[in-house]
Amino acid sequence: MRHDYVLKLLESGERLDGRKLDEFRDIKIEVDTIERAEGSARVKIGKTDIIVGIKMDLGEPFPDVPNQGMLRTGAEFSPIASPEFNPGPPGEDATELARVVDRGIRESECIDLEKLCLKPGEQVWTMFVDIHMMNHDGNLIDVSALAAVAALMRTKMPELEDGKINREKLKEKLPIKHIPITVTVGKISDKFLIDPTKEEEQVLDSKLMVAVMEDGKICAMQKSGDQGLSEEETSRMIDLAIKKSKEIRKLL
Amino acid sequence: MRHDYVLKLLESGERLDGRKLDEFRDIKIEVDTIERAEGSARVKIGKTDIIVGIKMDLGEPFPDVPNQGMLRTGAEFSPIASPEFNPGPPGEDATELARVVDRGIRESECIDLEKLCLKPGEQVWTMFVDIHMMNHDGNLIDVSALAAVAALMRTKMPELEDGKINREKLKEKLPIKHIPITVTVGKISDKFLIDPTKEEEQVLDSKLMVAVMEDGKICAMQKSGDQGLSEEETSRMIDLAIKKSKEIRKLL
Amino acid sequence: MRHDYVLKLLESGERLDGRKLDEFRDIKIEVDTIERAEGSARVKIGKTDIIVGIKMDLGEPFPDVPNQGMLRTGAEFSPIASPEFNPGPPGEDATELARVVDRGIRESECIDLEKLCLKPGEQVWTMFVDIHMMNHDGNLIDVSALAAVAALMRTKMPELEDGKINREKLKEKLPIKHIPITVTVGKISDKFLIDPTKEEEQVLDSKLMVAVMEDGKICAMQKSGDQGLSEEETSRMIDLAIKKSKEIRKLL
Amino acid sequence: MGMKSKEKMIVEGKRLDGRTPDEIREIEMKVGVIPNANGSARVSFGRTTAVAAVYGPRILHPRRLQEPDTAIIRCRYNMAPFSVDERIRPGSSRREKEISKVTRLALEPALFLEKYPETVIDIYIEIIQADGSTRVTGINAASLALADAGAPMRDLVVGLAGGKLDDTIIIDLCGKEDNYSVADIPIAFLPRKNEITLLQMDGQLNPDEVKTIVKNVLNAGKKVYEKQKEALKKKYHK
Amino acid sequence: MGMKSKEKMIVEGKRLDGRTPDEIREIEMKVGVIPNANGSARVSFGRTTAVAAVYGPRILHPRRLQEPDTAIIRCRYNMAPFSVDERIRPGSSRREKEISKVTRLALEPALFLEKYPETVIDIYIEIIQADGSTRVTGINAASLALADAGAPMRDLVVGLAGGKLDDTIIIDLCGKEDNYSVADIPIAFLPRKNEITLLQMDGQLNPDEVKTIVKNVLNAGKKVYEKQKEALKKKYHK
Amino acid sequence: MGMKSKEKMIVEGKRLDGRTPDEIREIEMKVGVIPNANGSARVSFGRTTAVAAVYGPRILHPRRLQEPDTAIIRCRYNMAPFSVDERIRPGSSRREKEISKVTRLALEPALFLEKYPETVIDIYIEIIQADGSTRVTGINAASLALADAGAPMRDLVVGLAGGKLDDTIIIDLCGKEDNYSVADIPIAFLPRKNEITLLQMDGQLNPDEVKTIVKNVLNAGKKVYEKQKEALKKKYHK
């Protein structure tokens, strides 16, 4: 019943919470929420609430890029965040979330990985980006991606003393080159909308996640949902995502 | 019904597909099917269809044999191959298959492992023999063992450049010393048969897998099935396996 | 019915097997039961029967204690020991058992870990204490802890030859400094008892495990059971545990 | 992506393997390759080979997972251990999990799932050999396997990747091109109505480039569609 | 424990962070922090922060796990990967498994579980940031989350650790104090009747010291109890 | 196997431990060693010790795994972590999985499983100490445990290994002999009808040698059979 009502509203261009179709819910960005992490941010968009913490560690580089630091992004659908989530290893959706956020950071060349090399082929910095969900009310990818970028921007690298990490001394910031902003556009019938709630997500036909750079270039995309898109719809969704990414960018 | 019919036929010495009891189905051996592997072979016996791919890598030797290369054989009952197979880690039967094929290769001293030592105690070649099932219609062990040997015979070792593997340059062949051929003999009532189909396997009393070397020596055996064998039956099954192994050997 | 009967008996200060509330069942300690282990003991208290085996190996120390040997305690609720146990990775109870036994050994400073350092920061001895259950009839923690200590007291370290372990030559004993004895006190209504059988454990309100050193100091505690304890009850249970630990200590 | 080549990858309009920018590698497609399956196919684009098998529809157990008004699709994309240079350890990686999901979503819009309530249709894709564009090759194989199984379908599903290499828009990236490309866009679509059911992107492109690549892939995909139909015809006319 | 400090940890009656031996760190408590949960709370003791959520009572599946005369409690204590210096790999460690069990046993005596037969109540505790005393902080958060969920309770459950540092009995150990303490005793109890529901100990103490610490914690815990009641009041009076 | 000894392993007709080629190590067998089990036994051949317990027949859950006309056997062969030189990590290795399977097949022909439809009989074998011939020692223990449990049996199952060391045919290989042997043939059989139910081989032998070893093992196994019967008698006559 509720499902049908939400559907009908959206088809007529309205939303349960009174927003316009292309309007975000309230966005709150808190940084340095986790003092013990090298970087952290908590982002709330509406009732969706996500913390990202960054830990820096030393590691051996991948053999094919011996002079680059490493990025490892993890996401858990923590069971505190939603009655549908269960404890256990990440499922398909949590894996996709982590990989899509990772892709936005990686493909935008957000971090100058070459500056994170300590000894080529032997030792580089590894950044662990961990996405921790506090409450799930839709649009997990946009919120997670925003929290990840906000946390990376605040991350300070611990000092090395005799080759060992001293986390009580954090000094230099991470070498940030670019800032990707991810906006997911949903489609229902002939309408496009952004920032869907969990209820709205259940009635969408399809979604397109678009990660956008400062200069308007796209650096990652991911279609989702169980209906197809026409070429023209795809174009319009990309354009809307780019436009809305500029609004979000101002908040950082 | 079908089950009873297959059973009755076999007890009277006949087979559903018209073969004699000691006759193999059509055998097709294709080599170098996987260009990206260092060695590969695809063997079809009847409708059973198996690919084996060989990958060469560097590793640290086992402490008790510091001057020998390593052999690692894996088998997955891929769910594409049969409606009874499910995704997931290898079960009892897949584990047994991998270990029995491994044993045939290892005990026959098929490969001169000492020639695969690069630096005693520190670095040796590791051969990964992966058995990949395409279609299961019985007699998985014989088909897998044949594909493994055919693939090893064609395997070329990648060159080492500055201690790193260059897989674009494959030159030297693996040092092959012996070729084991595995023949499984099935028993039903007082009849012996070879190369059973999946349907036939379901009605067999027991099976004896025998791996045979060029000179007629036996290098591995494994009894299977839920009925016992007398000493005399065992002898006859060994003799039949040795005899049939000679036919197969000619195909390599 | 049986459950209610056991309960009523205990509430009136009696036990099914005629023991007094503060009386242990028969205790048998057998040492060196596993010739191939570096140390071993089998302890039976009543029908509870547990083997602990000690294996010594080389390892890299933890970075925060670079000059100390390592202790690793594992417990499996082996399915041979009870109809309720199933094969599989250790559950909550087996994990707790291992950790509580480990804590008693560790916190009492039972072993002089600094004497097990071979090269600070690089190589130390690791002791694997494995608790193997043969039959479960209650009081698993006390029996396991006793077997662990008895096994450690008999453990001989293998000789090192060219940096490699030679297990055929066992000479020096482990450097034992202290001997913790663990006694678990159960409570039901206003009664305290020790060494409960499996049947008795099912009707207990709560339990307090106390590990006691030679000088009467306490080195570990763990409350269990689904009822609370008053401050005064806690005191009395601690006192009883200390008193009974002296009896057990004489058996070693 | 991420790796930069010191040399040009496209010289005088020709790619490493001699192809023009809008040229697809040699395609081989065959249906009915796995006798045990309800439907199956093998598809190669150059050295990339995928085999797909469909089992079902069959009753789903345990029952509480059944849907009363539709069939459920389960999809597994798996790389054979020997399909690439460095042997892959068995067991689903995070990459394989993600591709399994997007592949399922790429195929579902083509199927009339409501015809088989309470059942499951299992789609297994094995990448036997990998040289770029593996997920779209897998989708082509799965599309044919579904058709071979007689599943009622709105249309076949065509998979094809586009991208940008040096300054050139190309299609059907091979492994090396994938490594050194500026961007890679794997796409799946139902050709009859040009409905896009899979769209991913890695790399950096301005929006017009993205749109051009999408258009190019939809066009070039028609050839893949013809190959699929041919392969199905061959099955019935031999 | 086990590590020995070369320096005194308590100098002139003051601890590292300036506290007196019987002083608790700054406490923050808030209920209703997770909109999706039936009850939730966030609790901080200094830099240690726990968030707890309660889901349920809800019918337990599969049915053979149901108890005909009582609800079942499931409890998961989990450390966020970024909560400590060295990143924690996801997945339950042995330590987390043990703490999940003792936490469940610490909470059960406070609940009238027989009111919800055949159901399960899930309690999830996340340690967002760790600086000592995490298990008792988690218990405080879980206690508030249960009350926030409207679970019928005999009393709230208060968690607080006591211990010995140098020669001094202290309460509410922070991370560094935990590392260098002579002994650490985490305790949980129902304050109305002073019923102890969690009691663990690491270190070396004579019995009188143990008894003193237990007494001190039960006393000091009253302040934590007041804070819990305040946090619950705030929920209804704002 | 695979390892070559520089020295002779058999000198003047005597093996390392002083045995003659056809001599079995000291055998100890005892039934009823695990009070909780429906049946149990401990068997030692020299320093190799196996303990087996049988639980069941008991109703199998979940129901869809039940067989309407027969009991199901589940068998787990497990090595204790301290049973060998290098500590074994808990969890089934591939070797243990294979041995669990062949052990089950070795025992099944002795049982009248059709007497207990819809049930499961669990056989757990623990190798407490390992010095060669562990799987056959485990089979002897399981055979006694089944008899001790009162399972209706056609016959007991006897396990014994044969092999070739230097140029000599031997039986009951200890650990070191196993490592340096030319070949090793573990066998299980029902002695009354000489029915072979387990037969494996590692190493290199010509067919006549194989047949000789099988014959020798069936003969020498009669002594093991007598020991089993004695152990069972002792249970009832003490």
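Below, each value reflects all heavy atoms present in this structure, side chains not excepted, and no hydrogens, waters or symmetry copies. Convention: sequence-line order gives letters A, B, ...; per-chain numbering from 1.
- Between chain E and the options A:Pro89, A:Gly88, A:Ser78, the largest number of non-hydrogen pairs under 4.5 Å is found for A:Ser78.
- Only the side chain of E:Arg58 comes within less than 4.5 Å of a heavy atom of chain A; its backbone N, CA, C and O stay farther away.
- Remark: A:Lys115 NZ is loosely packed, at most 12 non-hydrogen atoms of other residues, nucleotides or ligands lying under 6.0 Å away.
- Within a 6.0 Å radius of NZ in E:Lys176, no more than 12 heavy atoms belonging to other residues, nucleotides or ligands are found.
- Looking at A:Arg72, neither its backbone nor its side chain comes within 4.5 Å of chain E, counting heavy atoms on both sides.
- Shown here is A:Glu161, whose CD atom has more than 12 heavy atoms of other residues, nucleotides or ligands within 6.0 Å.
- Environment of CD in A:Glu30: crowded, with over 12 heavy atoms of neighbouring residues, nucleotides or ligands closer than 6.0 Å.
- Residues of residues 45-56 of chain E having a heavy atom under 4.5 Å from any heavy atom of chain A, listed by number: E:Arg47, E:Val51, E:Ala53, E:Tyr55.
- Neither the backbone nor the side chain of E:Arg89 comes within contact range of chain A, judged by heavy atoms closer than 4.5 Å.
- Residue E:Glu86 is tested with A:Arg167, A:Lys55, A:Lys164 for a salt bridge (charged side-chain N to carboxylate O under 4.0 Å, His left out); the sole match is A:Arg167.
- Between the side chain of E:Asn36 and the main chain of A:Asn135, no donor-acceptor pair closer than 3.5 Å is present.
- Heavy-atom pairs under 4.5 Å with chain A were tallied for E:Ala130, E:Ser92, E:Ala37; the largest tally goes to E:Ala130.
- In this structure, CD1 in E:Ile128 is found 11.0 Å from OG in A:Ser40, a value given to the nearest 0.5 Å.
- Contact annotation for A:Glu35: both backbone and side-chain heavy atoms come within less than 4.5 Å of a heavy atom of chain E.
- Of the atoms belonging to E:Asn78, it is side-chain heavy atoms, and not backbone ones, that fall under 4.5 Å from chain A.
- Qualifying salt bridge (charged side-chain N to carboxylate O under 4.0 Å, His left out) partners for E:Glu114, counting only residues two or more places apart in sequence or in other chains: none.
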**Report entry** Residue pair E:Glu126, A:Ile51: steps toward the side chain to side chain contact (heavy atoms under 4.5 Å, CB included) verdict
**Finding:** CA-CA 12 Å; E:Glu126 297 286 327; A:Ile51 297 178; over 6 Å; no
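- The two atoms that bring A:Ile80 and E:Tyr124 nearest to each other are CG2-CB, 3.3 Å, heavy atoms only.
- Under a cut-off of 6.0 angstrom, the local environment of CD in A:Glu23 is crowded, with over 12 non-hydrogen atoms contributed by other residues, nucleotides or ligands.
- The most heavy-atom pairs under 4.5 Å with chain A, out of E:Ala145, E:Ser40, E:Pro81, E:Ala80, come from E:Pro81.
- Ion pairing between A:Asp57 and E:Arg87 fails under the 4.0 Å rule for side-chain N and carboxylate O.
- Residue A:Glu84 does not touch chain E at all, counting heavy-atom pairs closer than 4.5 Å.
- By number of non-hydrogen pairs under 4.5 angstrom with chain A, the leading residue of E:Val33, E:Val84, E:Asn38 is E:Val84.
- Within 6.0 Å of atom CZ in A:Phe62, 12 or fewer heavy atoms from other residues, nucleotides or ligands are found, so the atom counts as exposed in its surroundings.
- Atom CG of A:Asn166 sits about 9.0 Å away from atom CG of E:Asp85, to the nearest 0.5 Å.
- A:Pro79 touches chain E through backbone and side chain together, each having a heavy atom under 4.5 Å away.
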